[in-house]
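Here is the structure we will look at.
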Amino acid sequence: MTPVEIGIASVLLIVSLIYAGLYIPVALGLVSFLGVWIMRGDIQLPIDLLALAAADTVSHQVFATVPLFALMGLLVSEAGLGNDVYRVANFLFYRVKGGLGIATVAANAVFASITGSSIASASVFARISVPELRAFGYTTRFSVGVVGGSSVLGMIIPPSAMLIIYAITADQSIGRLFIAGIIPGILLATAYGFAIMLMARLWPSFVGGRGNVDTGTKSQDWQTLTWTDVCRMMFPVVFLVLIVLGGIYGGIVTPVEAGAAGSLVALVIALLRGSLLWDGFRRCLVETGHITASILFLIIAASMYSRMLGVAGLPTLFGNWLEAQGLGVFGLMLIYVLLLLLLGTVIDTASMILIVAPLFLPVVEALGLDLIWFGIVTVIGAEIGLLTPPLGISCFVIKSTLNDPEIRLSDIFAGAFPFAVIMLAVLIALIAWPELSLALI
Amino acid sequence: MEAAGPVRKSGGGGRLLDRVVRGLNGLGTLWILALLILINADIFGRNVLTAPISGVIEMIELSMVAIVFLQLGDATRVGRLTRSDGIHGIILRRAPGVGLLMAAAFDILGALFMFFILYGSWPFLVEAVEGGHYVGNEGVFTAPTWPVKLILVIGCAVTMLLFSGFVVRHLRAFRDAAEGPSR
């Protein structure tokens with residue numbers, strides 16, 4: 001077998017093993033080990049490759065953004081900022097038809113600007129927003145669907161763990177990717193909002209909702225909020241956004257420093273609100289550790305994989321082959337998005353970016369396309385998989401957070417489906433008009 | 001990746017290992033906290049006191065490797081290594097025997113993977129200790145590299161042992177399942 005054939009066989013083997021259920025870092029690392037061993041016929045070489053990848057890959061300061069932004073997100077969730085944002089959004093939108101659905105999207109968009117994870121958004125808003133929506137007569141499917149659909153905003157609107165992972169893979173600036181994510185995130189949130197308004201009119205059997213109902217219970221006290229309350233409740237969020245995005249955009253701090261400062265401010269906010277006890281803080285730190293270990297170990301294994309691909313010369317050859325097909329930008333992006341959608345049904349977003357992006361980066365670069373734009377397309381394309389069966393992770397998180405036997409997983413997937421379709425439409429727009437991603441940078 | 005997995009608990013023989021893994025995790029947790037304080041102190045020192053802390057970048061770089069390998073064991077123990085277990089879950093329900101054997105095979109591969117990293121990393125540890133390797137600039141800031149290499153080796157070793165423990169448990173469950181229905 002030629003090295004290229006071994007490379008192709010390795011990629012196929014990795015994907016099959018991941019589908020079978022093997023730990024993804026183990027699949028990436030061991031198959032890469034095997035591939036290099038067969039190509040070079042010397043076992044010492046792949047052993048050195050594994051050891052070097054383990055010691056060197058994450059030994060760079062950008063990787064500190066992973067634990068720092070994870071900690072910041074966990075602290076703002078613990079502080080209950082999600083609840084405040086949701087109450088303000090309800091106050092602003094409840095008079096509109098489908099208003100509580102729109103409010104859920106708006107609250108998610110704002111919350112996303114202080115957290116970097118769709119999983120955090122899904123679990124926070126499943127708790128806060130689903131009971132509220134159902135109390136106002138929205139259908140169960142729509143209630144869980146809108147929470148799932150809007151949770152993806154968490155990883156598109158910066159800070160975003162997935163943009164960090166892409167930045168590392170493609171060797172691009174985290175700060176520029178964060179800034180590039182702003183307009184696409186707002187665009188997606190707006191598209192969701194208008195779609196909800198339309199669906200509430202044209203498809204009431206799916207959406208439900210009784211509109212402006214004054215039930216007078218304590219949980220609906222957002223109806224009586226004043227603008228002073230709104231300012232008071234939004235202040236911590238605005239402050240955090242200013243520090244993190246303002247700091248990065250203004251060039252005052254690096255992304256790593258923004259993450260550290262953001263975590264510290266989130267900690268102070270949580271302490272001032274009296275909502276963070278020692279136990280909760282410890283839980284946040286332990287969770288941060290688990291997130292860090294699982295993401296960075298995955299990145300280490302993915303670097304073994306990309307080193308193996310390099311030894312096989314696969315990215316260059318694959319790039320040449322794709323170019324020789326004369327697909328053009330449109331054809332290339334069509335193949336890319338279809339591949340992301342297909343793999344996204346089973347593989348998680350981070351792994352998918354790490355596996356697929358290195359194969360396409362050389363040809364994208366050769367065609368003179370912008371790698372920041374390609375990153376936004378990659379992350380949104382990969383995130384659609386969070387909502388699609390059989391393994392949409394956001395839907396699973398909602399299911400396990402709600403823990404209500406009446407709400408079946410299939411209801412969540414059905415409810416999230418319209419939102420996945422809207423995501424795809426927005427993705428097509430982003431591909432057609434790269435300015436949408438690049439205007440701010 | 002971030003979805004909560006089932007908590008795996010080791011049996012009697014694994015209790016000591018569990019405590020070691022939790023201890024390493026605690027150390028890694030404190031390390032993240034220290035990193036947070038260090039970076040904020042540097043921002044404050046640089047912008048307010050115009051006195052930056054030297055060696056912050058080097059310390060972050062060393063810390064990242066240390067944090068990953070201090071936490072790797074605990075992340076593995078609580079089932080947080082990234083995987084896609086949907087299809088495997090279906091197999092476990094429809095044909096538990098096959099599913100358990102597959103699970104055992106996955107954990108054997110996990111242990112094997114950790115062994116290769118461990119085997120390859122050992123010479124780097126020896127080299128760092130004997131050669132007195134350090135990072136940074138002489139006279140400004142230097143830090144030895146061996147503690148992080150040691151953490152890497154320890155992290156791989158405990159994770160390898162955890163995987164081995166999982167293999168034993170899956171095989172026991174397989175044996176029990178095979179004996180169960182036939183009686």
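Everything numeric in this text was worked out from a predicted model, so none of it was measured. Sequence lines set the chain letters: A, B, ... in the order given, protein chains first and strands last, and positions in each chain run from 1.
For A:Leu49, no part lies near chain B; criterion is any non-hydrogen pair under 4.5 Å. Looking at B:Phe69, only its side chain comes within 4.5 Å of chain A, counting heavy atoms on both sides. Neither the backbone nor the side chain of A:Phe396 comes within contact range of chain B; no heavy atom of the residue lies under 4.5 Å from a heavy atom of that chain. For B:Met114, the part lying near chain A is the side chain, with the backbone staying farther off; criterion is any non-hydrogen pair under 4.5 Å. With a threshold of 4.5 angstrom between heavy atoms, A:Ser59 approaches chain B through its backbone and through its side chain.
Annotation for A:Phe297 and B:Leu81: closest pair CD2-CD2, 4.1 Å, computed over non-hydrogen atoms. Closest heavy-atom contact between A:Ala55 and B:Val65: O-CG2, 3.6 Å. Of all heavy-atom pairs spanning B:Gly120 and A:Ile47, the tightest one is CA-CG2, 3.5 Å. The shortest heavy-atom contact between A:Leu50 and B:Phe113 is CD1-CE1, 3.9 Å. For the residue pair A:Ala261 and B:Ile43, the shortest heavy atom distance occurs at CB-CD1, 4.2 Å. In plain terms, the two heavy atoms of B:Leu36 and A:Ser263 that are nearest each other are CD1-CB, 3.4 Å.
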Criterion side chain to side chain contact (heavy atoms under 4.5 Å, CB included) on B:Val56 and A:Gln61, from CA distance to verdict: CA-CA 9 Å; B:Val56 170; A:Gln61 64 150 343; over 6 Å; no

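Enclosure of atom CD1 in B:Ile57 is not indicated, since only 12 or fewer non-hydrogen atoms of other residues, nucleotides or ligands lie within 6.0 angstrom. Surrounding CZ of B:Phe44 are at most 12 heavy atoms belonging to other residues, nucleotides or ligands under 6.0 Å away.
In this structure, B:Gln71 and A:Leu296 have side chains that are not in contact, with every pair of non-hydrogen atoms separated by 4.5 Å or more. In this structure the side chain of B:Ile67 never reaches within 4.5 angstrom of the side chain of A:Phe63, judged on heavy atoms. No side-chain heavy atom of B:Leu35 sits under 4.5 Å from any side-chain heavy atom of A:Leu68. Contact annotation: the side chain of A:Pro67 approaches that of B:Met64 to within less than 4.5 Å [non-hydrogen atoms, C-beta and beyond]. Contact annotation: the side chain of B:Arg46 approaches that of A:Glu257 to within less than 4.5 Å [non-hydrogen atoms, C-beta and beyond]. In this structure the side chain of B:Phe124 reaches within 4.5 angstrom of the side chain of A:Leu52, judged on heavy atoms.
Aromatic ring centres of B:Phe116 and A:Phe33 lie closer together than 6.0 Å.
The residue among B:Thr145, B:Asp42, B:Ile117 with the most heavy atom pairs within less than 4.5 Å of chain A is B:Ile117.
Without hydrogens or angle criteria, B:Arg83 side chain to A:Gly21 main chain gives a donor-acceptor distance under 3.5 Å.
Between the CD1 atom in B:Ile32 and the OG1 atom in A:Thr292 there is a gap of 4.5 Å [rounded to 0.5 Å]. Rounding to the nearest 0.5 Å places CG of A:Leu264 at 11.0 Å from CD1 of B:Ile39. Atom OG of B:Ser84 is separated from atom CD1 of A:Ile18 by 8.0 Å, given to the nearest 0.5 angstrom.
Not counting sequence neighbours, the partners of B:Ala173 by the side chain to side chain contact (heavy atoms under 4.5 Å, CB included) test are B:Leu100. Taking the side chain to side chain contact (heavy atoms under 4.5 Å, CB included) definition, one finds that A:Val286 meets it with A:His290, B:Asn25, B:Thr29, sequence neighbours left out.
Of the candidates B:Phe106, B:Phe166, B:Phe163, B:Phe163 is the only one forming a ring-ring contact (aromatic ring centres under 6.0 Å, His included) with A:Tyr23.
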